[in-house]
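Quick notes on the structure that follows.
Just so it is clear: chains get the letters A, B, ... in the order the sequence lines come, proteins before strands, and each one is counted from 1. Every heavy atom of this structure was used, including side-chain atoms; hydrogens, water molecules and symmetry mates were not.
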Amino acid sequence: MDFLNELNPNQLEAATHVDGPMMVIAGAGSGKTKVLTYRIAYLMEKGVDPFNILALTFTNKAAREMKERIANVVGESEARNVTMGTFHSVFAKILRYHSDKIGYPNNFTIYDSQDSRSLLKSIIKEMGLDDKVYKPGLVHSRISSAKNNLISPQQYEANAEIVGEDRMSGKPKLFIIYKQYEARCFKAGAMDFDDLLFKTNVLLRDFPDVLNFYQHRFRYILVDEYQDTNYSQYLIVKKLAALYENICVVGDDAQSIYAFRGANIENILNFRKDYPDYKLYKLEQNYRSTKNIVDAANSIIAHNKDQIKKKVWTQNEDGNTIKVLRTLTDNEEGRVISNAIFEAKKAKGLDYKDFAILYRTNAQSRSFEEALRKLNLPYKIYGGLSFYQRKEIKDIISYYRLAANPKDEEALKRVINYPRRGIGNTSMEEVTAAANRYGVSIWEVISDFETYPVSMNTAAKKKMQAFATMITSFGIKLETTPAFDLAQEIAQSSGILKELYDDRSPEGVARYENIQELLAGIKEFTVSQEEGVLVSLSDFLIDVALLTDADNESEEDRNKVTLMTIHASKGLEFPYVYIVGLEENLFPSQMSLHSRTELEEERRLFYVALTRAETSCTLSYSMSRYKWGQATTSEPSRFIQEIDDKFLQHESPYASGPGKSLNNSGLSKRSVSSGEASSMGRTGKMTPLSTATKKTNPSSNATNAALKVGYNVQHERFGKGKVVKIEGADPDKKVTVFFPKHGQKVLLMRFAKLEILD
DNA sequence: GGAGCTTCAATTTTT
DNA sequence: TTGAAGCTCC
């Protein structure tokens, strides 16, 4: 077992623990995945049947990578028998197998968030409620958190506290929506993401023989990223492990970033209560990052109250200090960071893939994309609209879903009139109402107007029947035709392929190509499965619902600059990391400022971001940023000043001369010193007012210092005006100007592009 | 029933 | 700024 030589003593101890409960608290970059994979390999070398091992990961990607690594140690054929995947994908498959027990068809559909929201929208509309009050997104997250805490619609309704909260927030009918939603999903033979866990709990609770079977089957259980599990997941694991208690959980409380989605750090803390004789292993040596980065990260996380104390350390070299860049606008931020990447790549001979730009929200990617494109730096954006969420892909997959499960209401609504078949809203409202009246799915109505009469003109009925006939014909072929052949046939005879082919616009061509790519993907999927077995389209559907973009990485994407949200970056590492948009109300997010726990989650998120970096980390913030099309001013994130200053080096790329750096005192007062205006004043290098102010640069306002009451000024938008008043200290210095055409305005000196006319 | 126009709202993170 | 939803006109 040579592979064990690669482990340090702590890692070795953890990896060779065989029986009994164990927990590994693993600091960032401490070789957690290595321990997990080697422990699995070790178990197998010790004679444990891979069929008896269940390893649950947070993403498909993590599962796939771990599987590869295990295969490298014990060989492909052994490795493939380990059950490894995300909670959602592993239990979706188990649920399919036992679906009849809980009243679902075995071809049940998995609704993604879009489907859930669309269904909720219909329900809210049908109930005659105001969707401004009952926002589908918010309603969904409320229902989702109920499900993650295993609260059924009945329990929800009976829970005075919960119903009280809804009443207080002006949504007293929420429990009815939940009930309806549940009923509609059931009628459609559909489960949403949360159901996959909820129903697994139901299955294991109500069918002791099933529970017993899986308890024996999964004699060894490993859970990665345990800090991100929710109550529902926790209970599944607990039940499955109850017999043998060979349970191994790995996590890091400092990297818990999914509490907003129901993840429960308590699961880590409660582990010792559930398994009093558990063994605890701590991995604290970081192998990933320089000393500076590790220590800076430590200094950040120290600000959190809720944490398990540990001391992450490293033997790596000190490395460079962390650069903090201040820019004037978000576009400049994009340019400066892209330039920095360009230069570093050239100077150090690095690959594109060595760089990552991490941000809080997907919307921030824009300015970086533009700048990278201008420099011809290839990049890849993760997240955002994934391939599988694109309209044309969802459309065609809706046909596949209908072939497998025609009761799938969301798929039906999506494509019954796409391509156009003359089935409009009026007819759809008619059949939806009828379906609700008869208590069946829309499909049952349109495929059997005899049993479910609807008052509708015959033409409309005919069109619907024709659609139903087509779907039925697809369904018949489902289990007899190979996935790829049927997929192609459906693409053709549904008319989608033609529809897209006829659209010769660039977007249309791209959509057509996306469909081709999907078909190629299905082909590939068919090939990757075992030989001699017919791979049906429904097999593909099981996988596709739970796939994300990250699972779809193509070869040519390998060597590109990475752009992603910090959430998406968890578990990854890059030599050069740029964490951007470090501004109050953005990171930490505005939504998180109301409570300590939420703010601490943001801080953990920042911790995760920092610890992605191996050799170099750069932070940046901008003084103004476009938010819904409007420039807004912003101030630097509190997180910057929370880092011990000895690890930082401040820079403002646009300023010239020695006085450029943003000094610490300025920062710790949490205000931006208006850099250039004062420094220029001090050095006496004041440029002529008129030329300085004509620059497009909004705060190259060397003029500000010279501005006095009574001066005539020119404003870009308001035209000529006279200064009435000047107030406040430099960063927030305000100037009141009377404009004959627009009246009196109070302007922030930093951003008002005032030109002095006197 | 459908296309095209105007208006209006919304921006956190994702299996 | 973008996208969806509603409205008008054909």
- [ ] Go through the side-chain N and O atoms of E598(A) and S595(A) and say whether any donor and acceptor fall under 3.5 Å apart.
- [x] yes
TODO: Quickly work out the L138(A) CG to dA9(B) C1' distance and round it to whole Å.
DONE: 14 Å
- [ ] Give the intermediate values and the outcome of side chain to side chain contact (heavy atoms under 4.5 Å, CB included) for residues F639(A) and I643(A).
- [x] CA-CA 7 Å; F639(A) 294 153; I643(A) 300 179; over 6 Å; no
Task: Spacing of Q364(A) atom CD relative to dT13(B) atom C1', expressed in whole Å - done: 11 Å
- [ ] For the pair E370(A) (side chain) and S367(A) (backbone), establish whether a donor and an acceptor sit closer than 3.5 Å, ignoring hydrogens and angles.
- [x] no
Open item on the list: Heavy atoms within less than 4.0 Å of DNA chain B: which residues of residues 410-418 of chain A have one? Give them sorted by number.
Closed with: N417(A)
Open item on the list: Check this one for me: any side-chain N or O of S427(A) less than 4.0 Å away from OP1 or OP2 of dG1(B)?
Closed with: yes
Task: Touch class at under 4.0 angstrom, heavy-atom based, for S89(A) against every strand present - done: nothing
TODO: Would you kindly give the CG-to-P distance between L56(A) and dT15(B), to the nearest whole Å?
DONE: 16 Å
Task: Side-chain N or O of S113(A) closer than 4.0 Å to phosphate OP1/OP2 of dT14(B) - done: no
TODO: Look at the side-chain N and O atoms of N362(A) and state whether any lies under 4.0 Å from the OP1 or OP2 oxygen of dT12(B).
DONE: no
- [ ] Give one of base, sugar-phosphate or nothing for R366(A), where a contact means two heavy atoms less than 4.0 Å apart.
- [x] nothing
Open item on the list: Under a plain distance cut-off of 3.5 Å, with no hydrogens placed, do S118(A) and E410(A) share a side-chain donor-acceptor pair?
Closed with: yes
Open item on the list: Check this for me: does the side-chain of R360(A) come within 3.5 Å of the base of dT13(B) through a donor and an acceptor?
Closed with: yes
Task: Distance, rounded to the nearest Å, where H140(A) contributes NE2 and dT13(B) contributes P - done: 16 Å
TODO: Examine the side chains of S116(A) and Y181(A) and answer whether a donor and an acceptor come within less than 3.5 Å of each other.
DONE: yes
Below 3.5 Å is the cut-off: list the nitrogen or oxygen pairs between protein and nucleotides 6-8 of chain C, distance only.
none

TODO: May I ask you to evaluate whether T565(A) reaches the phosphate of dT14(B), defined as a side-chain N or O under 4.0 Å from OP1 or OP2?
DONE: yes
Task: Atom-pair distance (CD on Q227(A); C1' on dT15(B)), nearest Å - done: 15 Å
Task: Partners passing side-chain hydrogen bond (donor to acceptor under 3.5 Å, both in side chains) against Q590(A) (at least two apart in sequence or in another chain) - done: none
Open item on the list: Applying a 4.0 Å non-hydrogen cut-off, can you work out what K135(A) is touching in the nucleic acid: base, sugar-phosphate, or nothing?
Closed with: sugar-phosphate
